[in-house]
Amino acid sequence: MNLSQYFSELRQKLKHLSDAEREEAIAFYSEYASEAGIDSYEAMVSRFGSPRKLAAAIYAETATKEVEGSTTRKKGNISRGFWIGMAALVSFPFSFSATIALFCIGFALIISVGSILFSFIIAAFSIAAAGVWSLIRGFMSIYPFNAGAFLMCLGSFLILTPVGCVFLVLLLKLVKKMMTAIITSVTNYIQRRTTHEV
């Protein structure tokens, strides 16, 4: 097998990256191979591992850049980093049984934590909506005028709506931090397992 076969397989494994990112990674490792005198498939495998293993490392590095970019307000996208991190995990050459076990554990965690967070988000939204509804009810009590009912509804609005909105914002920040932690731990694990000096 020749070197072009290695890069052809690597290009296929990097299908979840944008065209520019994929070509940049291929060009980098192609240039590295040329400068290092690596001229065969086997030499690339001995230096960087299989195309699948190198793809996992590239995905992990790209996901890390996305997460770091989103936390430092540079160009970065936490959700894109999350999906690239998942592509890194899927690309990593685990055994079949380990892959199934990881998938099942991950799916169970995502469903359970996701459902809890979703219920809290719905509760926060409901609290804010109850405050808005109280204000509407207060204006409905203007005719015939009932000062006590109006003030009670206005007070409910002034308490419930900000509390619900703050709770909602805090929950969304928590979701972002959890996604960042998941991506960071996955990419760190893959980078440790695919370490190669360039």
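Because only heavy atoms are used, hydrogens play no part in the values below, and waters and symmetry mates are left out as well, while side chains stay in. By convention here, the first residue in the shown sequence is residue 1.
Scanning both residues, Y59 and K15, for their nearest heavy atoms gives OH-N, 3.3 Å. Smallest separation of non-hydrogen atoms from L117 and M178: CD1-SD, 3.8 Å. Between L3 and M44 the shortest heavy-atom distance is CD1-CG, 3.1 Å. Heavy-atom minimum distance, C153 versus S134: CB-O, 2.9 Å. For the pair F7 and I26, the tightest heavy-atom approach, listed with the atom from each and the gap, is O-CD1, 3.9 Å. Across all non-hydrogen atoms, the minimal contact from I38 to A43 is CG2-CB, 3.5 Å.
With values rounded to the nearest 0.5 angstrom, R22 atom CZ is found 10.5 Å from Q12 atom CD. Considering CD1 of I110 and OG of S115, their distance stands at 11.5 Å, rounded to 0.5 Å. S112 contributes atom OG, which lies 10.5 Å from atom CZ of F107 (distance to the nearest 0.5 angstrom). Distance check: L135 CG to F139 CZ gives 5.0 Å after rounding to the nearest 0.5 Å. With values rounded to the nearest 0.5 angstrom, R137 atom CZ is found 11.5 Å from S156 atom OG.
Shown are I159, L160, L168; of these, the side-chain contact (heavy atoms from CB on, under 4.5 Å) with I127 is made only by L160.
Note on V163: it does not cluster hydrophobically with L171, by side-chain heavy-atom contacts below 4.5 Å among ILVMFWY residues. Residues V113 and L172 are members of one and the same hydrophobic cluster, defined by side-chain heavy-atom contacts under 4.5 angstrom among Ile, Leu, Val, Met, Phe, Trp and Tyr. Residues L154 and V132 are members of one and the same hydrophobic cluster, defined by side-chain heavy-atom contacts under 4.5 angstrom among Ile, Leu, Val, Met, Phe, Trp and Tyr. I116 and I121 fall within the same hydrophobic cluster, defined by Ile, Leu, Val, Met, Phe, Trp and Tyr side-chain heavy atoms under 4.5 Å apart, directly or through other members. Hydrophobic clustering of Ile, Leu, Val, Met, Phe, Trp and Tyr side chains at less than 4.5 Å, counting indirect connections, unites F28 with I58.
E21 places a side-chain N or O within donor-acceptor distance of the main-chain N or O of S18, the cut-off being under 3.5 Å. Between the T161 side chain and the F157 main chain, a donor and an acceptor come within less than 3.5 Å of each other.
The environment of CZ in F167 is crowded: more than 12 heavy-atom neighbours from other residues, nucleotides or ligands sit within 6.0 Å. Within a 6.0 Å radius of CZ in F125, no more than 12 heavy atoms belonging to other residues, nucleotides or ligands are found.
If you look at F48 and Y32, their ring centroids are closer than 6.0 Å.
By the 4.0 Å N-to-carboxylate-O rule, R11 lies close enough to E23 to be salt-bridged with it.
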Step-by-step side chain to side chain contact (heavy atoms under 4.5 Å, CB included) determination, L14 to L17:
CA-CA 6 Å; L14 294 174; L17 293 180; 4.0 Å; yes
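No side-chain N or O of Q5 forms a donor-acceptor pair with one of S8 less than 3.5 Å apart.
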